[in-house]
Amino acid sequence: CIRDTNVQEPLARINFRRLSDARDRPIYQYEANAGQGVVAYVVDTGIFGDSLDFAPGNVERGVDATTSGGDPFVDTIGHGTHVAGIIGSQPYGVAKAVTLVAVKVFNNTNQTTDASVIAGLSFIFDDVVRRQQPAVINLSLGARGNRTHRILNMAVECLIKAGAVVVAAAGNNNEDACQSSPAVLSSVITVGNVDNSDRRHANSSFGPCVDIFAPGVDSASTGRLAGSFRLRNGTSVSAAFVSGVVARLLTICPAATPAQVKDFILKSSTKEALFNLRASPNRLLFVECTDQVRTCQDLGVVPAVPGNAPRWLWHSNQP
């Protein structure tokens, strides 16, 4: 494992069972190939893909679903770049070798439409089928209302059936996450936000539809301008940490299905460490360096043989 001793506390927190250890020893350990061979789709405001925080070639233009001929590398808001940085940048990322794909569904004034979101998800479906690689989709968005619920839920379920793991922010509305889609779906990994004292953040949505919590307060990541960084809060940050861990798992065991990945993340989480959860499961994201055979056995699949192709079957949640 690689041992990074210069990290912020939120990244260190997912590497330790106890909060005191993360504070005393702000380190992060990860596999040298963490995220390699895995595609992470960032459905957001775009990604400033030319940032030097990203390894050369690790960020790809997907689609700008907000306007014809738009550039998904244009991110005037900076939210998508921040999320992408937590998933896979070199200074801040969980899975530093993952391929990040910019899927822009929020325009340059941070607005979106049903049509933009569905167009973005349709692009991802086609791309997942084309690539035939393990994939994780990070959704920092949600929807209320029966019609939008049905459309968004159907699109997300199609992506999961295509083999992609979907991670969704629970929302920053301090309400029952079951009121929002796709957070309500049991096949999605729905993520809430905890602060640096292991308490649910006051704005984080809650309840039985939240599967797991992850750090989401004062998290440093890549900024939208060259050489910059920014601290952000919210369940979008928390979801990005989970997406990074998913990418690490899929590198180790690319044959894992979305259901197996979700089950593994929930079972390996730190239990009974959090406070102020309001009927939410008491689970905190946890990841550690491990060997391939043990991880794949815990996931319930046969380890991939090197050299073989892997087998694998609207309101914004921005703060």
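Just so it is clear, the values below take in all heavy atoms, side chains as well, and ignore hydrogens, waters and symmetry mates.
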Notebook entry, point to check: How many angstroms lie between atom NZ of Lys267 and atom CZ of Arg283, to the nearest 0.5 angstrom?
Noted result: 11.0 Å
Notebook entry, point to check: Rounded to the nearest 0.5 Å, how far does CD1 of Ile86 lie from OG of Ser243?
Noted result: 10.0 Å
Notebook entry, point to check: Looking only at heavy atoms, which two atoms of Thr222 and Ser51 are closest? And how far apart?
Noted result: CG2-OG, 3.4 Å
Item checked: Pairs touching residues 235-260 that satisfy salt bridge (Lys or Arg N to Asp or Glu O under 4.0 Å), sequence neighbours left out -> Glu31-Arg248
Next item on the list: Any chance you could measure Lys104, atom NZ, to Asp75, atom CG, to the nearest 0.5 Å?
Entry: 6.5 Å
Margin query: Quick check: closest heavy atoms across Val128 and Ala135, and the distance to 0.1 Å?
Written below: CG2-CB, 4.2 Å
Margin query: I need the single residue from Leu185, Leu141, Asp114 that forms a side-chain contact (heavy atoms from CB on, under 4.5 Å) with Leu152. Which is it?
Written below: Leu141
Notebook entry, point to check: Counting heavy atoms not belonging to Leu231, are there more than 12 under 6.0 Å from its CG?
Noted result: yes
Margin query: The test is side chain to side chain contact (heavy atoms under 4.5 Å, CB included); show your working for Asp71 and Arg61 and say whether it passes.
Written below: CA-CA 8 Å; Asp71 185 359; Arg61 285 179 169 85; 2.8 Å; yes
Checklist line | Ring-face cation contact, Phe48 with Arg224, 6.0 Å cut, 45° max | finding: no
Notebook entry, point to check: Taking all atoms of both residues into account, what is the closest heavy-atom pair of His82 and Ala220, and its distance?
Noted result: NE2-C, 4.0 Å
Notebook entry, point to check: Between the side chains of Asn33 and Thr251, does any donor sit under 3.5 Å from an acceptor?
Noted result: no
Next item on the list: To the nearest 0.5 Å, tell me how far Arg3 CZ sits from Ile27 CD1.
Entry: 3.5 Å
Item checked: Residue from Leu19, Ile212, Val194, Ile14 passing side-chain contact (heavy atoms from CB on, under 4.5 Å) with Leu284 -> Val194
Next item on the list: Could you tell me the separation between the CG atom of Asp195 and the CG atom of Leu274, rounded to the nearest 0.5 Å?
Entry: 9.5 Å
Next item on the list: Write down the atom of Ser116, the atom of Val105, and the distance for their closest heavy-atom approach.
Entry: O-CG1, 3.6 Å
Check: Is there a salt bridge (Lys or Arg N to Asp or Glu O under 4.0 Å) between Asp127 and Arg131 once you walk through the steps?
Finding: CA-CA 6 Å; Asp127 204 53; Arg131 289 177 188 258; 2.6 Å; yes
Checklist line | Qualifying residue for salt bridge (Lys or Arg N to Asp or Glu O under 4.0 Å) with Asp21, from Arg18, Arg23, Arg17 | finding: Arg18
Note to self: Looking at Lys271, I'd like to know if its NZ atom is crowded, meaning that more than 12 non-hydrogen atoms belonging to other residues, nucleotides or ligands lie closer than 6.0 Å.
What the structure shows: yes
Item checked: Side-chain donor-acceptor contact under 3.5 Å, Glu157 with Ser187 -> yes
Item checked: Rounded distance (nearest 0.5 Å) linking atom CD1 of Ile77 with atom CG of Asn108 -> 7.0 Å
Check: Looking only at heavy atoms, what is the nearest atom pair of Ile252 and Cys296, with distance?
Finding: O-SG, 3.7 Å
Notebook entry, point to check: For the residue pair Tyr41 and Phe123, does the interplanar ring angle fall in the parallel (under 30°), tilted (30 to 60°) or perpendicular (over 60°) class?
Noted result: perpendicular
Note to self: Strictly distance-based, threshold 3.5 Å: is any side-chain N or O of Ser204 a donor or acceptor partner for the main-chain N or O of His201?
What the structure shows: no
